Colleague: 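Here it is: the structure, laid out below.
It should be emphasised that the depicted structure is a prediction, and the values quoted were computed from it without experimental measurement. In what follows, chains carry the letters A, B, and so on, assigned in the order in which the sequence lines appear, proteins first and then strands, with residues in each chain numbered from 1.
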Number of protein chains: 2
Amino acid sequence: MNEHSFRKGIVLVRPREGDKRRRIIDAAVHVFSERGFFNSRVNDVAEAAGVAGGTIYLYFKNKDDLLISVFEDRMDTILAMLKSELRKELNPSGQLKRFIELHLELVQRDQALADVLAVELRQSAKFVREYRARKFYEYLGVAEDILTDGIKDGSFRADIDPKLYRRALFGALDELTVMWLACAREDRPAPCSLNDAVNQVFNLFVSGLGPEAKL
Amino acid sequence: MNEHSFRKGIVLVRPREGDKRRRIIDAAVHVFSERGFFNSRVNDVAEAAGVAGGTIYLYFKNKDDLLISVFEDRMDTILAMLKSELRKELNPSGQLKRFIELHLELVQRDQALADVLAVELRQSAKFVREYRARKFYEYLGVAEDILTDGIKDGSFRADIDPKLYRRALFGALDELTVMWLACAREDRPAPCSLNDAVNQVFNLFVSGLGPEAKL
DNA sequence: CTTTTCTAAATGAATGTTCATTCATTATTG
DNA sequence: CAATAATGAATGAACATTCATTTAGAAAAG
């Protein structure tokens, strides 16, 4: 076995990671969205991914690990895009609107994922929640930064509590997501368009219910 | 069997409904809150209630029915109190604040119930969700009425969409509830007091992030 | 080039555990 | 005593996970 074949052997051995792992994650998003995590069998995901039931365990430790991997994989993508998009905004107000936009758009971009994120990851399973927390707080941190930047540059009031408002903002957006998911699932018309909702929520957070304020 | 013993038989037969059913429901709230619905066994609830496992099925059809009964029993109480309290408020603004107050207070009044309502009933099980919907929409309806009343009497802007805002309001409050529950569960200090949170959220919804408006 | 060998990936039946629910039996009450 | 409530072991189903076996693909040999 000379050097040539040695390098060939290293380079061309089939990788375990890659296409199949992604296929399984994609399948999991859809299956979990349709049936809920606890009502989904590992075999359902395997079938949807076009692999055998036991194959799942070549890539993931167990069923919980599958859900966690879905979350980490997708949150990384979402956070990267979120941060990249917000860098294009000139001020906190624009960032706030874009934040709202990107959050609400997820339903149309990837309904199954929005479903899994909104519903499944409010689970009670303790260690799943811990995994959620890290990325979740990163997401909240983005919202909080917008708020604190707005306070710094004077466009947001200084008496607001960013730690609290970031939660209120996320909660409001999350609930609207759930609302749309319910409409889609039940084939009901949504109360309004996505664009209207973005504007309404932005106005709610900027002006509240009282007279419009100038930013 | 004369008339006397006939009436005795009717009046004095041990009722199946009553104390034991309530004990089981109370126990279910606690067990579901601690472990999550899917990680709780029916036997866990039975033990917590001080009855045998099979007894549960004398009162409830199955495990799902238990969760549904928890929800219906407790939501009836919450809605009744909510409506009664709101009648004491003089205007929509006062009602809004009281609504926020009562929602957020649930965490301190009954943490386990708040947990079950906030977490467990975002479940994916389809028919459980349908049961949730009826009472949930009634709850949302209360919020919506406050908003539409405020529009009518001129204290809230006429360009808001009450159907959307009621969702945003509920979502924001729900998320704060989840925040407190997480703090309690992990023995972390909460970011602020309940009273501060009520004021902050009220101000957020009334004035938004911009300059304070006069109602 | 074809065939053989070897190794890693993939398969899917088997395994073991869990638990919701039932129901024969016991206990309680009037 | 009779009727009803309560009990808890038994039952059957479900399914996450394991692992013996098969398959696939790369490399070596002829």
Side-chain angles (χ1 to χ4, degrees), chain A residues 1-24 27-28 31-32 34-70 123-125 127-128, chain B residues 1-24 27-28 31-32 34-70 123-125 127-128:
Chain A
M1 187 185 286
N2 57 24
E3 188 190 354
H4 180 68
S5 63
F6 172 76
R7 290 186 55 201
K8 271 215 169 209
I10 289 287
V11 171
L12 296 183
V13 167
R14 285 178 304 166
R16 170 173 288 179
E17 306 282 336
D19 185 56
K20 192 160 284 185
R21 181 181 157 93
R22 169 149 306 287
R23 263 176 40 220
I24 294 171
V31 171
F32 292 161
E34 271 172 34
R35 297 159 160 264
F37 176 71
F38 282 103
N39 288 317
S40 302
R41 299 170 307 144
V42 169
N43 249 49
D44 295 333
V45 177
E47 277 166 19
V51 300
T55 305
I56 303 287
Y57 298 91
L58 298 178
Y59 294 88
F60 306 94
K61 188 172 157 198
N62 52 40
K63 191 183 176 186
D64 282 341
D65 187 39
L66 186 51
L67 183 59
I68 290 163
S69 300
V70 164
Q123 291 280 8
S124 306
F127 93 98
V128 175
Chain B
M1 187 185 289
N2 57 23
E3 190 192 353
H4 180 69
S5 64
F6 174 77
R7 294 185 53 201
K8 269 214 170 211
I10 289 286
V11 171
L12 297 181
V13 167
R14 286 180 303 168
R16 169 171 292 182
E17 308 282 335
D19 184 55
K20 190 161 288 187
R21 180 181 157 92
R22 169 147 306 287
R23 265 177 36 223
I24 293 170
V31 172
F32 292 162
E34 271 170 34
R35 295 158 164 267
F37 176 70
F38 282 105
N39 288 316
S40 303
R41 300 169 308 146
V42 168
N43 249 48
D44 295 333
V45 176
E47 277 164 21
V51 301
T55 304
I56 302 286
Y57 298 91
L58 298 179
Y59 294 88
F60 305 95
K61 189 172 158 199
N62 52 38
K63 192 183 175 185
D64 282 340
D65 187 39
L66 187 51
L67 182 60
I68 289 162
S69 301
V70 165
Q123 290 281 6
S124 305
F127 93 100
V128 175

Colleague: Just compare D:dT17, C:dA20, C:dT11 and give me whichever is closest to any side-chain atom of A:L58.
Modeller: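 Nearest listed nucleotide: C:dT11.
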Colleague: Nearest to the A:R41 side chain among D:dT17, C:dA20, D:dA16, which nucleotide is it?
Modeller: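 My answer, after comparing the listed nucleotides, is D:dA16.
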Colleague: To the nearest 0.5 Å, how far apart are CD in B:E34 and CG in B:D44?
Modeller: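 Those atoms lie 9.5 Å apart.
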Colleague: Atom CD1 of A:I56 to atom C1' of C:dT11: distance rounded to whole Å?
Modeller: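 Whole-Å distance recorded here is 12 Å.
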Colleague: Nearest-Å distance, CG (B:D64) to P (C:dT21)?
Modeller: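 Atom-to-atom, B:D64 to C:dT21, this comes out as 8 Å.
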Colleague: As a test of reading the structure: which of C:dA10, D:dT18, C:dT21 is closest to the side chain of B:N62, going by heavy atoms?
Modeller: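 Looking only at heavy atoms from C-beta outward on B:N62, the closest nucleotide is C:dT21.
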Colleague: May I have the distance from B:N39 (atom CG) to D:dC15 (atom C1'), rounded to whole angstrom?
Modeller: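 Those two atoms, CG and C1', are 15 Å apart.
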Colleague: Does B:A49 offer a backbone N or O that forms a donor-acceptor pair with the side chain of B:K20 under 3.5 Å?
Modeller: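 No, B:K20 side chain to B:A49 backbone: no donor-acceptor pair under 3.5 Å.
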Colleague: Would you sort out whether B:I56 and B:V45 count as a side chain to side chain contact (heavy atoms under 4.5 Å, CB included), showing the intermediate values?
Modeller: CA-CA 8 Å; B:I56 302 286; B:V45 176; 4.2 Å; yes
Colleague: Rounding to an integer number of Å, can you tell me how far A:I24 CD1 sits from C:dA9 C1'?
Modeller: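 For the pair A:I24 CD1 and C:dA9 C1', the rounded distance is 12 Å.
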Colleague: Looking only at side-chain atoms of B:K63, point me to the closest of C:dA20, C:dT11, D:dA16.
Modeller: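 For the B:K63 side chain, the nearest candidate turns out to be C:dA20.
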Colleague: Where the side chain of A:V51 is concerned, which of C:dT11, C:dA20, D:dA16 is the nearest nucleotide?
Modeller: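 Among C:dT11, C:dA20, D:dA16, the one nearest the side chain of A:V51 is C:dT11.
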Colleague: From the set D:dT7, D:dA16, D:dA6, return the single nucleotide nearest to any side-chain atom of B:K20.
Modeller: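 Taking heavy atoms from C-beta onward, the closest nucleotide is D:dA6.
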Colleague: Nearest-nucleotide wise, let me know which of B:T55 and A:T55 is further upstream toward the 5' end of DNA chain D.
Modeller: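 Taking each residue's closest nucleotide, the earlier one in sequence belongs to B:T55.
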Colleague: D:dA16, C:dT22, C:dT11: which one has an atom nearest the side-chain heavy atoms of A:V42?
Modeller: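 Looking only at side-chain atoms, A:V42 lies closest to D:dA16.
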Colleague: Within the pair B:Y59 and D:dA5, is there a side-chain N or O less than 4.0 Å away from OP1 or OP2?
Modeller: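 Checking D:dA5 against B:Y59, no side-chain N or O comes under 4.0 Å of OP1 or OP2.
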Colleague: Between B:D19 and B:R22, is there a salt bridge with N-O shorter than 4.0 Å?
Modeller: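 Salt bridge absent between B:R22 and B:D19.
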Colleague: Take the protein atom CD of A:E47 and the nucleotide atom P of C:dA10, then report the distance between them rounded to whole Å.
Modeller: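 After rounding, the reported distance stands at 17 Å.
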Colleague: Just the rounded figure in Å: distance from P of C:dA20 to NZ of B:K61.
Modeller: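 Whole-Å distance recorded here is 16 Å.
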Colleague: Return the minimal non-hydrogen interatomic distance between B:D65 and B:F60, and the atom names on each side.
Modeller: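 Where B:D65 meets B:F60 most closely, the heavy atoms are OD2-CA, 3.5 Å.
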Colleague: For the pair made of OH in A:Y57 and P in C:dA10, what is the distance, rounded to whole Å?
Modeller: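 Distance check: A:Y57 OH to C:dA10 P gives 16 Å.
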Colleague: How many Å lie between CZ on A:F38 and P on D:dC15, as a whole number?
Modeller: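 Distance, rounded to whole Å: 13 Å.
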